[in-house]
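FYI, side chains are in, hydrogens and waters are out, and symmetry mates aren't considered; it's all heavy atoms of this structure. Because the structure is a prediction, the values reported are computed rather than measured.
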Amino acid sequence: MNMKKWSTIGLATSMALVAAGCGKSTPAETTKPAASVAPTTAASAAPTAAASTKLTGDFEIQYFVGGYGDKWWKKVIADFQAKNPDLKIKESAGPKINEQMKPRWIAGNPPDFVYIDGPELFDRQMVTDGQLEDLTDWIKDAKNVDGEKIIDLLAQKPQQFDGKTYNIPFVMSSWGIFYDKALFKDKGWAEPKDFEEFLAVSEKIKGAGINPFIHTGKYPYYINGGVLLPAIVSANNNDYKLLQDMSTNNLEAWKNPAIIKGLNKIVQMRDKGYIDKASVQINHTDSQSLFLQHKDAFIPNGLWLPNEMAKDVPGGFDFGFIPSITQDKGGKVVANTSTATFGIAKKAKNKDAAKAFMQFVFSKTQASQWAELSGAPSNVKGDISSSKAPNFVKDAAKFLSSPDTVVVPTVSFAADVDKAMQDATVALTIGTITPEQWVTRVSDVVAKQKK
């Protein structure tokens, strides 16, 4: 689940993982015709402003199945199939599908449409390797099935690769802090609005015999994404450009004092004994299980968490979500976001169907269905307050549309730098290094990247 802003805008469906969370129990990989699921009335009745040409032939869709599940995919593909009965749709899907399909991409025999998420699939590398269709001119005027320009509906605009567009963001996730609203209500604890309130409620939590905070030490990018990076942005006067400069291996950026200030927030949590000692080497599912059992009150994670742990959620558990807890009193909330995107293979055999499907999925109807069926907001602007989407998704959407939230766009680091950051953060949480030593460790790796 890699960390992947738009200016604060009125969206209600927004936000995915650097990769989506790996579900505890995911379906087996499939490469088969689309399942016959009854299309929804809304989708069936949608006008066909975008598709005036009859679609025929074979059409293959590749999608990764992780923490968001595959309910939406089954539904949307069935809806699209009902609108295009002469099209032979094949799904290539599963938790390991990216790895399984890799030889086909390399051999120049890719599927037509691809959901770029999960392990073994990196958009920048796909662009570099010439695997994705250039959508720059198409997306400028492309309309969805309701006749609305897709580009105008996007909360976060497509990432540019040398000024060109190759993939369109559909899933919008956010790192943040989860807690149980029901537990807090029962104990009389208030949701923290800033770091001062977080420390105060953590002291009460500790006094009740519960660990205030747990993270997955085996995969420290959780605490980096949900705590450290937002803390750095807050310390940098809410300017996230520092993170972008850091990600380009700008050594001067790594000397910015905001990094030390952000790291010191973790030090305060550590020194007050608020970080569960079990965090050191625990994996994501185990840390999430302890959180669900109320052994720990707060956990940094992505919006995929509730869906990923759906089978283990106790009755009455009510997920609360806060994008950040490290801002000073009166400071803005910082949402560190990540996206998952859709692309069309450059060597796709049925580009007409792929573009039509792109126009079909980027509708407000499908965006709302995504929120309901996956448990995460989409990147399509729209009001989901009256939808059946989970409450924590609506909470996240409110944060992302608020002028009091700084929404940070996807930021990714070179693999070696990211690993150094993760290792250094674990060392910091157990007190074996100082914030200054954290910066030195990582900066040394950044310097090597520059050579």
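For residues 186-201, the set of pairs meeting the side chain to side chain donor-acceptor pair (under 3.5 Å) definition, not counting sequence neighbours, comprises Y179-E191.
When only modelled atom types and interatomic distance are considered, N144 and S363 share no side-chain donor-acceptor pair under 3.5 Å. Remark: the T339 side chain and the Q156 side chain contain no N/O donor-acceptor pair separated by less than 3.5 Å. Side chains of Y115 and Q62: a donor-acceptor N/O pair is absent below 3.5 angstrom, by distance only.
Ion pairing between R441 and E436 fails under the 4.0 Å rule for side-chain N and carboxylate O. Remark: D444 does not engage K448 in a salt bridge, criterion side-chain N to carboxylate O under 4.0 Å. A salt bridge is defined here as a Lys NZ or Arg NE, NH1 or NH2 lying under 4.0 Å from an Asp or Glu carboxylate O, and K102 with E120 meets this definition. For K332 and D404, the salt-bridge test fails: no basic side-chain N is under 4.0 Å from an acidic carboxylate O. For the pair K75 and D79, the salt-bridge criterion is not met [side-chain N within less than 4.0 Å of a carboxylate O].
Side-chain contact between W105 and P111: present, with at least one pair of heavy atoms (C-beta onward) separated by less than 4.5 Å.
Using cut-offs of 30° and 60° on the angle between ring planes, the pair W304 and W175 is perpendicular. Taking the six-membered ring for Trp and thresholds of 30 and 60 degrees, F170 and F362 have ring planes more than 60 degrees apart, a perpendicular arrangement. In this structure, Y221 and Y219 have tilted ring planes: the angle between them lies in the 30° to 60° band.
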Indicate every side-chain donor-acceptor pair of residues 250-259 with a distance under 3.5 Å to a residue at least two apart or in another chain.
from	atom 1	to	atom 2	distance (Å)
N250	OD1	E252	N	2.9
N250	OD1	A253	N	3.3
E252	OE2	K255	NZ	3.1
W254	NE1	M246	O	3.2
N256	OD1	A258	N	2.8

Might you work through the ring-ring contact (aromatic ring centres under 6.0 Å, His included) test for F319 and F317, ending with a clear yes or no? CA-CA 6 Å; F319 287 97; F317 199 99; 4.9 Å; yes
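Of the candidates T136, L135, T341, V127, Y166 forms a side chain to side chain contact (heavy atoms under 4.5 Å, CB included) with just one, namely V127.
Within 6.0 Å of NZ in K181 there are more than 12 heavy atoms belonging to other residues, nucleotides or ligands.
Looking at residues two or more places apart in sequence or on another chain, you find a side chain to side chain contact (heavy atoms under 4.5 Å, CB included) between K206 and P212, Y274.
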